[in-house]
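Here's the structure we're looking at; comments come further down.
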Amino acid sequence: MTYIGRFAPSPSGPLHFGSLIAALGSYFQAKSLQGKWLVRIEDLDPPREVAGAADLILRTLEAYHLHWDGEVVYQSQRHSVYQAQLDFWLNSGQAYYCQCTRKQVKAMGGYYNGTCREKMIETSDNCAIRLRMTHPVECFNDKKHGQFRVPSDLAKEDFIVKRRDGLFAYNLAVVVDDIDQGVTEIVRGADLIEPTGRQISLYHILNHPPVHYVHLPLALDKLGQKLSKQNHAPAIDINQPKPILIDAMQFLGFELNKEIKQSSVSEIIDWGIANWTIDQLPDVITEGS
Ligand code: GLU
């Protein structure tokens, strides 16, 4: 079976050091296994998007010699696929409309207790859609972190698959897309290890064998915060990729000698493919540059 990996950035800003780590880790893992590496733009949340960010991300990947296979997929063009899945679940009773507010869920103890499950609410007005949790996942294996436990209440919750504001939930879109694109392994930042249990539940509910997971150590800023667009992580340089590429590869556990550091970006990337192994990843969450 061909390995298919992917990088799935949200266009809420340009690529930063943390997203470069996810791009490189997923690329090296795919290419070292003679696999394919896909790119999917997760433009699911228009209010959080920045005009031009998707194109800039793609140009930045090219500048770092991270060339993807096939066509780029945009989640904004897949609404009908997500809605068809929701309609199927609503019709079969697997999903239901829910009027509960965040405040009400908080009052339930933080986890949704199924209040609207039997209410048979007919209208979608001001309602979220929740999925009946028939396959809770309380533990899964991550190739880097080993057995990862999910709190039982979280695993059993009927979680939201479409939000009250009409946006499709990330967990739904990401699993539907990864299945449709034939992805066999997901390599991404450790910030996404928490929702992984729910995503595996979705694979079961969708009758599809779950994929493998590798969650990469997170790059933190000097304050110990995750590098993210919300925390205003600086954009990586598109014109001079080499210094940041070398920093990012060292973060991923590569030991680059002087000769490699003096090579071209494409030679460094090829060297990375030839020398990559998951075992080299640092154990602890390390401070990024
Ligand atoms: N779009 C998500 C992000 O940029 C990543 C989704 C994923 O890799 O599953 O944080």
Side-chain angles (χ1 to χ4, degrees), residues 3-30 35-50 53-58 60-61 66 68 72-79 82 137 140 142-145 148 150 159 161 163 167-203 206 208 210-221 225-233 235-236 248 252 285 288:
Y3 179 105
I4 303 182
R6 53 48 157 199
F7 174 54
S10 306
S12 50
L15 284 192
H16 53 76
F17 191 77
S19 36
L20 179 62
I21 297 293
L24 285 169
S26 56
Y27 183 86
F28 288 138
Q29 177 73 349
K36 291 197 166 127
W37 185 68
L38 313 179
V39 170
R40 181 170 70 233
I41 298 289
E42 303 215 316
D43 48 354
L44 207 56
D45 190 347
R48 288 185 48 201
E49 275 150 35
V50 171
D55 284 346
L56 181 58
I57 288 172
L58 297 177
T60 308
L61 291 175
L66 298 174
W68 55 89
V72 174
V73 166
Y74 290 80
Q75 289 191 325
S76 56
Q77 288 168 19
R78 293 183 44 81
H79 288 189
Y82 311 140
V137 169
F140 63 88
D142 181 276
K143 283 195 184 167
K144 169 65 197 156
H145 298 267
F148 188 87
V150 180
F159 65 83
V161 281
R163 294 168 18 177
L167 296 184
F168 295 101
Y170 152 71
N171 284 318
L172 171 75
V174 86
V175 174
V176 167
D177 290 348
D178 283 334
I179 290 176
D180 282 0
Q181 295 187 271
V183 168
T184 57
E185 182 172 84
I186 292 170
V187 181
R188 59 186 176 192
D191 52 327
L192 293 166
I193 202 162
E194 277 285 334
T196 303
R198 287 185 165 175
Q199 293 175 16
I200 298 172
S201 294
L202 276 175
Y203 278 93
L206 291 165
H208 198 278
V211 295
H212 299 282
Y213 291 92
V214 182
H215 286 90
L216 301 167
L218 275 191
L220 304 179
D221 66 14
Q225 291 175 322
K226 175 195 143 190
L227 289 182
S228 70
K229 288 150 198 164
Q230 289 89 324
N231 290 337
H232 309 292
I236 55 172
L252 284 169
I285 293 176

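Both counts, for ligands and for their atoms, begin at 1 and track the order of listing. Keep in mind it's a predicted model, so treat the numbers as computed, not measured. Worth knowing before you read on, the calculation uses all heavy atoms, side chains too, and leaves out hydrogens, waters and symmetry mates.
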Distance-only N or O hit between ligand 1 and A8, under 3.5 Å: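 So ligand 1 has an N or O lying under 3.5 Å from an N or O of A8.
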Check ligand 1 against [X] and write out every atom of the ligand that is under 4.0 Å from a heavy-atom position of the residue.
X: S10; answer: 1 (N), 2 (C), 3 (C), 4 (O)
X: V174; answer: 9 (O)
X: R6; answer: 7 (C), 8 (O), 9 (O)
X: L192; answer: 5 (C), 6 (C), 7 (C), 8 (O)

Among Q75, E42, R188, H215, closest by any non-hydrogen atom to atom 6 (C) of ligand 1: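 Result: the heavy atom closest to atom 6 (C) of ligand 1 is in E42.
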L38 side chain reached by W68 side chain, heavy atoms, under 4.5 Å: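 Counting from C-beta outward, W68 and L38 never come under 4.5 Å.
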Taking every non-hydrogen atom, the tightest pair across I236 and F17: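 Closest pair (atom of I236, atom of F17, distance): CG2-N, 3.6 Å.
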Distance alone, cut at 3.5 Å: any donor-acceptor contact between the side chains of [X] and [Y]?
X: T196; Y: R188; value: yes
X: Q199; Y: N171; value: yes
X: D45; Y: Y170; value: no

Ligand 1 versus D191: contacting region, heavy-atom distance under 4.0 Å: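 Near ligand 1, D191 shows nothing, with every heavy atom at 4.0 Å or more.
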Which segment of Y170 sits under 4.0 Å of ligand 1 when only heavy atoms are counted: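 Side chain only; the backbone of Y170 stays clear of ligand 1.
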NZ/NE/NH1/NH2 to OD/OE distance under 4.0 Å, D178 and R40: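 Result for this pair is yes, salt bridge flagged.
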